[in-house]
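Here is the structure we will look at.
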Amino acid sequence: MISEDQIKKAALRFLKAYYKFRPRLGETRTRTDMQASDGIIADGYLTFPQEDGHNFLATIEATSRATRDEVHYNLQQTVLMWDSIAVSGLITALAFCYGYVYDHFTIRQIGQLGTISVLLGIFALSFVLYFFLSRSLRRYRYIYAIEQFKKYHADEQWVAIGEDVFANENDFFYRELKDQCVYNGFGLITVSQDENPQMLITPSRQELFKRKRQLHDFLSQSSGSRAVQIASGIKKRYDNWMTRLFVKQNDNRKNLLRYQKTYHNQIILSAIALGLISAIYFEELKDTAVEYVDEEGYVEQMETLKKTAKGEASVKPPDRLISELDEEYDSLKGAYDLQEDVDLLSPTDGPPGAVDQEDLYAAAEEPSTSQQLAAILDGEYVVYDCERFFNFDQNIFIVQEGLYNDLSLAKRRMGTYARRGFQANLIWLGCFSKAESGYAVFFDLMYEQKAEARKAARGLRQSLKRQSLTPQSFAIRTFSRKK
């Protein structure tokens with residue numbers, strides 16, 4: 001078995017011959033076992049002054065069968081784990097953002113337990129996929145000799161190995177070493193048992209690292225410099241501190257892993273993703289769901305209130321004609337304007353199939369002669385006077401499903417939504433304007449802010465799509481108080 005010292009000497013003889021005809025202004029100097037102040041080691045060192053005044057530097061990392069771990073790759077499990085956490089966290093955060101913006105899988109829809117389960121499911125799936133699909137990437141295949149070369153600048157760098165370091169040409173550790181030498185622009189030499197060197201890969205003449213690596217002054221390890229030894233020890237302890245947190249290894253193993261990548265950026269990205277998820281989660285907690293009472297329970301509650309409540313506005317029977325309303329109603333019915341602001345939702349805001357309001361008027365039936373109803377609320381045929389709505393002193397907004405000229409058609413439409421679990425209400429527009437006589441079917445409540453109405457419309461849009469329901473004219477209608 002050829003020793004590491006024999007490999008160093010054979011490799012340096014090869015380099016002297018290889019650079020023999022390179023232009024220079026002085027003699028070529030070669031040394032072995034050189035060490036920089038921060039602990040970086042060069043097994044072989046060749047230098048000579050060039051015509052431009054700079055010294056040319058070539059270094060060697062020699063490896064024998066006894067030290068073959070220096071050129072065998074190790075999987076960087078810790079770096080891979082933190083990369084997986086960071087990528088999975090960002091994917092989960094983006095998915096949660098998408099769901100929040102487009103109202104999918106929100107706390108209001110599936111509850112806190114459901115939302116947490118979805119987030120954990122997305123994170124776990126992303127983590128497993130990235131961890132197992134990415135572990136074969138070059139980024140996670142750590143080779144000590146290659147990583148040490150990246151820590152300092154030299155004009156050309158060579159890996160020199162004994163021919164018995166690898167079992168054969170097809171050894172997967174050997175293939176990875178050659179791939180990384182080519183990728184990083186390093187040379188590769190093999191030395192036979194009779195100390196004959198053979199060049200397999202030449203170093204790249206082009207500077208691949210763009211002068212980002214540090215320049216070091218190498219000193220002979222035999223010089224006995226106490227300062228060099230102290231600085232080297234400090235550097236090794238600094239490079240190994242994170243490795244000691246996660247794995248227990250012998251000293252030689254720790255030394256070989258001291259150039260592994262750090263993962264500070266991955267930790268920061270993971271913290272950002274967690275912060276974003278937390279912010280959206282607490283924002284969704286504020287958006288509580290609208291709870292709908294049971295239909296039978298609601299009827300019983302209304303009957304009880306009818307018998308016990310005092311001071312409630314009078315309820316008019318369905319067959320009461322508008323002409324029977326008192327003079328106060330007749331003076332107030334023109335106090336609201338319906339024609340100024342009807343905000344039809346765009347195709348991106350509303351379900352597909354919404355029609356233009358003018359087309360709806362054209363397609364509606366002729367006005368009914370039995371326009372007796374002022375309002376129908378909460379899915380029950382509860383009828384109120386128009387004067388119930390005259391106490392608004394500012395604009396109010398509704399999410400309008402459609403506008404109908406025929407009362408029976410509007411009631412059937414409202415009943416369709418009520419049977420599918422939506423709170424649908426009906427109001428006669430004649431309550432607010434003498435020029436109006438249609439019936440508006442609307443969802444949920446009346447709102448004091450247009451932003452609240454649009455937020456409710458976004459949630460309704462998704463719910464209607466899921467049940468394949470298409471509103472006639474999906475719009476935000478404004479009741480504007482006349483000045």
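Heavy atoms only: backbone and side chains are in, while hydrogens, waters and symmetry mates are out. Because the structure is predicted, anything quoted here is derived from the model rather than measured.
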Exercise. Of F186, Y183, W158, Y259, which is the lone residue that meets ring pair (Phe, Tyr, Trp, His ring centres under 6.0 Å) with F149?
Worked result: F186

For this session: Evaluate whether atom CD of E448 has more than 12 neighbouring non-hydrogen atoms of other residues, nucleotides or ligands under 6.0 angstrom away.
Result: no

For this session: Give me the ring orientation class for Y263 and W82: parallel if the planes are under 30° apart, tilted from 30 to 60°, perpendicular past 60°.
Result: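 Ring orientation of Y263 relative to W82: parallel.
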
Problem set entry | Aromatic ring pairing Y98/H104, orientation class (parallel under 30°, perpendicular over 60°, tilted between) | parallel

Less than 6.0 angstrom separating the ring centers of [X] and [Y], yes or no?
{"X": "F397", "Y": "Y447", "answer": "no"}
{"X": "Y144", "Y": "H72", "answer": "no"}
{"X": "F166", "Y": "F173", "answer": "no"}
{"X": "Y19", "Y": "F56", "answer": "yes"}

Between [Y] and [X], is there a salt bridge with N-O shorter than 4.0 Å?
{"X": "E51", "Y": "R24", "answer": "no"}
{"X": "R141", "Y": "D179", "answer": "no"}
{"X": "R139", "Y": "D83", "answer": "yes"}
{"X": "K150", "Y": "E147", "answer": "yes"}

Exercise. Among all residues two or more places apart in sequence or in another chain, which pass the salt bridge (charged side-chain N to carboxylate O under 4.0 Å, His left out) test with E169?
Worked result: K178

Exercise. For K8, what residues pass the salt bridge (charged side-chain N to carboxylate O under 4.0 Å, His left out) criterion, not counting sequence neighbours?
Worked result: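 With neighbours one apart ignored, the set is E4, D5, D33.
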
Exercise. What do the steps show when you test R461 against D103 for salt bridge (charged side-chain N to carboxylate O under 4.0 Å, His left out), and what is the final call?
Worked result: CA-CA 9 Å; R461 175 191 61 190; D103 204 33; over 6 Å; no

Can you list, pair by pair, the side-chain donor-acceptor contacts under 3.5 Å of residues 110-127, counting residues two or more places apart and other chains?
from: Q112; atom 1: OE1; to: Y281; atom 2: OH; distance (Å): 2.8
from: T115; atom 1: OG1; to: G111; atom 2: O; distance (Å): 2.9
from: S117; atom 1: OG; to: L113; atom 2: O; distance (Å): 2.8
from: S126; atom 1: OG; to: I122; atom 2: O; distance (Å): 2.8

